[in-house]
Number of protein chains: 2
Amino acid sequence: MSDLGAALRARGMRLTPQRRRIVDALTSLEHGTPDAVAAKVADDGGATLPLSTIYRGLDALEELGIVSHTHLDHRAPTYHLADHATHIHLVCLGCGTVSEAPIATAADFAGNVRDATGFDPDVTHMAIHGWCAGCRGDKQ
Amino acid sequence: MSDLGAALRARGMRLTPQRRRIVDALTSLEHGTPDAVAAKVADDGGATLPLSTIYRGLDALEELGIVSHTHLDHRAPTYHLADHATHIHLVCLGCGTVSEAPIATAADFAGNVRDATGFDPDVTHMAIHGWCAGCRGDKQ
DNA sequence: TTGAATGCAAAAAATTTGCATATTG
DNA sequence: CAATATGCAAATTTTTTGCATTCAA
């Protein structure tokens with residue numbers, strides 16, 4: 001996929017084997033923290049990449065819009081390919097459980113935001129915090 | 001507000017002066033990282049609270065649903081009172097700028113999620129990542 | 001050739017934990 | 001009184017940085 005190379009070059013950046021490996025790892029992982037990406041990259045063979053390269057690579061790819069991230073919990077930025085269509089993550093503030101909802105539920109929301117502000121939201125993989133059915137009851 | 005005390009007690013927790021100060025700080029700050037809360041608490045007079053107490057206090061209050069948090073960027077959990085009505089945060093992945101949108105834009109979205117999953121999303125203060133008008137152009 | 005990216009090691013942040021002591025209920 | 005919270009210090013965990021070297025374009 002020289003699409004990747006072209007996108008990078010268009011911004012004065014370069015396509016390195018490390019970045020290619022990061023994208024590959026993300027492709028098979030679908031979701032992952034920088035740490036998980038490093039593990040996957042190592043798994044796929046070849047030399048281990050230092051975390052710093054992972055971080056810098058993910059940043060660069062995110063700047064390009066090829067990669068994006070959400071926070072499922074306090075301590076874990078979760079990265080994914082931007083064009084990988086999936087679900088919305090529902091994170092319960094009570095029990096911490098992460099469930100999912102179809103992106104369709106956010107379709108008109110994205111439109112509303114775009115219309116109202118000109119901001120183009122990435123609702124794919126969006127993380128929403130709230131209360132699951134069980135914990136909602138406990139609150140009372 | 002002994003509501004706070006009652007809520008805590010109902011869960012076997014206690015209302016301490018430290019927790020009260022944290023809530024007060026959050027009330028006047030509206031938004032803040034644990035660090036900012038600590039600073040505000042100190043500002044309001046009295047002894048400085050160790051960060052660990054802030055963290056534990058915010059956690060306890062969040063468990064109760066009195067406080068909630070979002071991630072505006074990689075490194076900063078931003079806490080706020082759950083019942084403080086405000087806006088949605090739009091965080092640009094390109095330039096990092098944080099803009100806002102009225103909560104109204106998410107009203108039906110919240111309903112959709114609730115209907116589809118039984119999960120009660122806290123859309124107040126929700127952080128959405130995406131691309132601002134300026135950066136969206138750059139991407140091309 | 002030349003600036004961008006990597007590797008490594010060291011530094012900074014940010015968050016959590018252990019435990020004795022103080023406090024709330 | 002008993003159990004929960006605090007304070008402090010130390011330990012973790014996560015992320016960032018400096019710099020010499022390598023490599024893509």
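Residue numbers begin at 1 in each chain, while the letters A, B, ... track the order of the sequences. Predicted model only: the values in this text are computed from it and were never measured.
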> Which of the following nucleotides, D/dT6, C/dG7, D/dT15, is nearest to the side chain of A/Ser52?
Replying inline: C/dG7
> Over how many whole Å does the gap from A/Leu4 atom CG to D/dA24 atom P extend?
Replying inline: 14 Å
>> Please report the distance, rounded to the nearest Å, between NE2 in B/His69 and C1' in C/dT15.
In response: 13 Å
>> Taking the minimum atom-to-atom distance to the side chain of A/Arg56, which one of C/dC8, C/dT16, D/dA24 wins?
In response: C/dC8
> Atom CG of A/Asp59 to atom C1' of C/dT6: distance rounded to whole Å?
Replying inline: 15 Å
>> Tell me the interatomic distance from B/Leu15, atom CG, to C/dT23, atom P, rounded to whole angstroms.
In response: 15 Å
> Are the charged groups of A/Asp24 and A/Arg20 less than 4.0 angstrom apart, N to O?
Replying inline: no
> Of the non-hydrogen atoms in B/Val98 and B/His89, which two are nearest, and what is the gap between them?
Replying inline: CG1-ND1, 3.9 Å
>> Closest-nucleotide mapping onto DNA chain C: is B/Asp35 or A/Pro50 further toward the 5' terminus? I mean the 5' end.
In response: A/Pro50
>> Side chain of A/Leu49, heavy atoms from C-beta onward: which of C/dG7, D/dA24, D/dG7 has the nearest atom to it?
In response: C/dG7
>> Over all strands shown, is B/Gly57 touching base, sugar-phosphate only, or nothing at heavy-atom distances under 4.0 angstrom?
In response: nothing
>> Just N and O in the side chain of A/Tyr55: are any of them under 4.0 Å from OP1 or OP2 of D/dT16?
In response: no
> Given the side-chain rings of A/His129 and A/His71, with only the six-membered ring counted for Trp, is the space between their centroids under 6.0 Å?
Replying inline: no
> Is any side-chain heavy atom of B/Ser99 closer than 4.5 Å to a side-chain heavy atom of A/Thr117?
Replying inline: no
> Does a side-chain N or O from B/Thr16 land closer than 4.0 Å to OP1 or OP2 of D/dT6, or not?
Replying inline: yes
>> Quick one, A/Val113 and B/Ile128 - any side-chain contact, counting heavy atoms below 4.5 Å?
In response: no
> B/Gln18 side chain N/O closer than 4.0 Å to the phosphate oxygens (OP1, OP2) of D/dG7?
Replying inline: yes
>> Whole angstroms only, please: what is the CZ-P distance between B/Arg14 and C/dT24?
In response: 9 Å
>> Whole angstroms only, please: what is the OH-P distance between B/Tyr79 and C/dA14?
In response: 13 Å
> Between A/Arg9 and D/dA25, does any side-chain N or O lie under 4.0 Å from OP1 or OP2?
Replying inline: yes
>> What is the distance, to the nearest angstrom, from the CG atom on A/Leu8 to the P atom on C/dT6?
In response: 10 Å
>> Under 4.0 Å from OP1 or OP2 of D/dA5: is there any side-chain N or O of B/Arg19 that close?
In response: yes
> Within this structure, what is the CG-to-P distance between A/Leu58 and D/dT16, rounded to whole angstrom?
Replying inline: 11 Å
